Amino acid sequence: MDNRQIADRLEAFATLLELVEANPYTARAYRRAAETIRGAALPVAELARSGRARELRGIGPGIEARLRELVETGEIAELTELERELAPDLVGLGRYLGLGAKRSVELARALGIRTAAELREAAAAGRLRDVPGIGPKTEARLLEALAREAEPRPRQGLLLNRALELVGGVAAALEGQLAGDVRRWRDSCERLAVVCAAPDPGPALERFADLPQIVAVVEQHERRALGVTVEGVPVELVAAEPDRLGTALLRATGSPEYVAALEPLPDAPDEEGVFRALGIPWLPPELREQPFRGEPPDLVAPDDIRGDLHSHTTWSDGRASVEEMARAAIERGYEYLAICDHTPAVGAVQGLTPGDVRRQAEEIAAANELLAPFRVLRGIECDILPDGRLDLPDDVLAELDWVQASVHGGQRMPRAEMTKRVEEALRNPSVRCLSHPKGRYIGRRPENSLDLERIFEVALEEGVALEVNGLPDRLDLSGEHVREALRAGVQIVCSTDAHSTRGLGNMGLSVATARRGWATAGDVLNTRPLAEILP
Ligand SMILES: [Zn+2]
Ligand SMILES: [Zn+2]
């Protein structure tokens, strides 16, 4: 069993524990363990066998016992039991149709059904209304949902990292290619699709239905199937004829508006061939939102990035030390890394006082001595107080190499006040970059009311850059706002806001978001050598 398979099983276990409404901390612990194992460098099966699994972060005695059971017997008895009891396929289908997990299980029990197909039969036979708690309205809604031919969408968009993991796993298992919203790196993904080449679609569709991620197949056509995960998220598979693979890929990648403007699409085995036949240049998927037939710009690429300018350590709420973060940055091929821990006003976590900032300087100096020519920068993520002042004295800020200014508390301010507050902070000569400018959490918290146009003007005057924060639930600036910033002539910075060594890996999300904003390497400050960044 490899790490990925182990992680998948633990994740499935976590999901089922949530369904039976077990202690939420237990479910969360399994989910975290799954994440650790997925990212572990060593084979976890061997660690578990030799009784060393607890060396991994977040693995206690309970999870260790389950891990050993899994690698020794190939299953977790309680998980198998839960799967039998809960029928994940019905839960997945039920959720897809808009029922809660508990409701789905009740429905399955009341009807004595075990599979999605049986649910369809029961619905067609008019048996849904016999179930206690299902009124005529719910029945009508379910029948309509079961019958719908419209484009399948999850009830809520998936964060890009989750969507990448799900679609990436399906694509890898079927030797297919990513398509849908994930391939365009949308910040919230709705259309999840994989395209694979198959002279005969049968085996591919079968393998798809057997994947651990797919608990039920909701629709099946000759060359297309729609499966759902236990969370009720629909995933589409297109098994294309090899000589039309490029056409199928382009169509499944979208956006619908972009594709519609190119129709009718010629058939070709690869995408380049389709574009060639259309007589237009190939367009990076990130730019395929609106109709466009022109020459794309030379977009910034992950390899252009020379360093990360926003990262945290154990000095505030990060999980690794300065040196560990720096070594991880070196492994990524970077030339520099800015350590930007929080200041006290951030509240929820510990923040650095002026004294801390100076003590941290010693640790950073030691790391620099050890790791030269790599450079660790003395940075800070300084809170912007409600009145626009910064959370550290000017003389402390002036000592630093790189100052990020951030709004964390008091985000409900009216637009004029919020704009004034941020503007004030950007006027401070030490400030080099505005972090997560709009302050949104995707799907959870709307954007701050901030007049970006005005902020662009001030940023331009003061030579301040705007961040494209790579945290998967932030991706802020968004692609659209990056484009506006660049039109205004403002520089952007692609950062991860990493709170762990693994978090540095979110650079791909930040760069992709910048690409969605049509950014070239020249637009992104941290594509430059350090000498051009430091004053
Ligand atoms: Zn922040
Ligand atoms: Zn941060």
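This structure is a prediction, so every number in the text was calculated from the model and none was measured. In each ligand, atom 1 is the first atom listed, and ligand 1 is the first ligand listed.
Between R319 and E324 there is no salt bridge, since none of the side-chain N atoms of the basic residue sits less than 4.0 Å from a carboxylate O of the acidic one.
The NE2 atom of H312, the Zn ion (ligand 2) and the NE2 atom of H310 define an angle of 100° (nearest 10 degrees). Annotation: angle subtended at the Zn ion (ligand 2) by D497 OD1 and E381 OE1 is 170°, to 10°.
Seen from the ring of Y334, R332 does not count as a face-on cation partner, given the 6.0 Å and 45° thresholds.
Note on C340: not counted as a metal contact of the Zn ion (ligand 2), no N/O/S atom lying under 2.8 Å. Distance check for H436 against the Zn ion (ligand 2): none of its N/O/S atoms falls below 2.8 Å.
Using bins of under 30°, 30° to 60° and over 60° for the plane-to-plane angle, the ring pair H408/H342 lands in the perpendicular bin.
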Worksheet item: Run the ring pair (Phe, Tyr, Trp, His ring centres under 6.0 Å) check on H310 and H499 step by step: do they pass?
Response: CA-CA 9 Å; H310 185 170; H499 286 68; 7.5 Å; no
